[in-house]
Amino acid sequence: MGLTRDFFIMLSQNKALNNTAKRWGLKLGAQSVVAGTNIEEMIESVKKLNAQGIAATVDNLGEFVFDREEAIKAKKQILAVIQAIHDHNVDAHISLKPTQLGLDISYDFCLENLREIIAKANEYNIFINFDTEDYSHLQPTFDLIDELSKEFSNIGTVIQAYFYHAMSNLEKYKDFRLRIVKGAYKEPEHLAFQDKKDIDENFIKLIEYHLLNGKFTSIATHDHNVINHVKQFVKQHDIPRDKFEFQMLYGFRKDLQLQLVKEGYNFCTYVPFGHDWFGYFMRRLAERPQNLALIGKQVFNKKTNTAIGAGALALLLLRANKKRRHKRK
Ligand code: FDA
């Protein structure tokens, strides 16, 4: 399990495969967890969710961008998404990753890109969530939030429960609307819990703290044990339903998403779209190797165990990458 997780996280960060995948279109089953490649398809998906009583947080896929032009293109696309949310009057806000907007190029360049996005969203009263990425980008992300929150109030961020220091981050950002998650990246032992039980315990502690604090909490998980715990907790503590929501990723546990809506809870689905799906999709496989079943029969039989499945996928990816390089020659 650990090895499979590491393998997919390693793939998620492989630049060559990421670039190849952009030209593939949505492949390998990604179409079931990515809501299309363009704004029109994404808006259609959001409308369908809204019709079921589900709000959306829209992510224009992309991360770890090292090219100025690419970061500016991403900024323009997010501005267009904001315009589309407004024009279609859908119940949706934005999730973004600072590394897509140039954080690795220059802090000030990223700050200016974000300022433009947040100002436009502010005009339309649209909330912007800063996703948190790996540890090396965490403090710069918080610095951006500190700076931009002096000018805007329509921003919030994510607290990752696997970090030992997560509670002190939460205390610092306790006045913000926050999403609380377990954490999706591979972090070393001196920074983060490695054991599922420890992560789960910290996750619950953080959720309870922010719920009691009275600020809006997005509980982002597919874990029914955590969800059931939260349901009991909010009941015991009389926490109003408009102070929190559950969030899950597009395409995952759809029955449970609808069940929670039916039970009267606020629900928001994270809706990723675009061409840059590979890193996102590989992290989903890292979290839950059973998600390999999404990849389907063309790669391997569903009953194949996850280690063999991961091996089969690796071969497929290497072959695809090689073929492309060969074609280019
Ligand atoms: P986890 O994967 O630990 O699973 C726990 C249990 O739940 C499983 O053992 C199984 O029983 C059940 N389960 C889980 N998935 C299932 C499925 N598909 N079908 C059936 N049962 C299932 N991370 C990050 O670092 N920064 C971020 O900004 C974000 N943002 C974000 C937004 C949203 C909306 C979500 C849902 C998640 C994130 N994440 C994230 C990812 C997050 O950190 C975490 O990696 C994943 O959500 C996986 O952890 P879970 O809590 O979902 O359960």
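All of these numbers come straight from a predicted model, not from anything done at the bench. First listed ligand is number 1; within each ligand, the first listed atom is number 1.
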Has [X] got a side-chain atom pairing as donor or acceptor with [Y]'s backbone, closer than 3.5 angstrom?
X: Asp91; Y: Asn50; result: no
X: Glu187; Y: Tyr135; result: yes
X: Asn202; Y: Asp198; result: no

Check: Is Arg283 near ligand 1, meaning one of its heavy atoms is under 4.0 Å from it?
Finding: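 Arg283 does not count as a contact of ligand 1 under the 4.0 Å cut-off.
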What are the atoms of ligand 1, with element, lying closer than 4.0 Å to any heavy atom of [X]?
X: Gln160; result: 24 (C), 25 (O), 26 (N)
X: Gly183; result: 25 (O), 42 (C), 43 (O), 45 (O)
X: Glu287; result: 41 (C), 44 (C), 45 (O), 46 (C), 48 (C)
X: Val158; result: 27 (C), 28 (O)

Item checked: Exercise: do Gln259 and Glu263 side chains pair donor with acceptor under 3.5 Å ->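 Looking only at side-chain atoms, Glu263 and Gln259 do form a donor-acceptor pair, the distance falling under 3.5 Å.
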Next item on the list: From atom 18 (N) of ligand 1, work out which of Tyr162, Phe130, Phe252 has a heavy atom at the shortest distance.
Entry: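 Shortest heavy-atom distance from atom 18 (N) of ligand 1: Phe252.
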Next item on the list: May I ask you to identify, for Arg288, whether its side chain, its backbone, both or neither come under 4.0 Å of ligand 1 on a heavy-atom basis?
Entry: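 For Arg288, only side-chain atoms sit under 4.0 Å from ligand 1.
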Check: Between Arg253 and ligand 1, which residue portion shows a heavy-atom distance shorter than 4.0 Å: side chain, backbone, both, or neither?
Finding: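 The side chain, only.
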Check: Should the pair Glu123-Lys120 be classified as a salt bridge under the 4.0 Å nitrogen-to-oxygen rule?
Finding: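 No, no charged N to carboxylate O under 4.0 Å.
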Notebook entry, point to check: In the protein, which heavy atom is nearest to atom 29 (C) of ligand 1, and how far is it?
Noted result: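 Checking every protein heavy atom, the shortest distance to atom 29 (C) of ligand 1 gives Val181 CG1, 3.9 Å.
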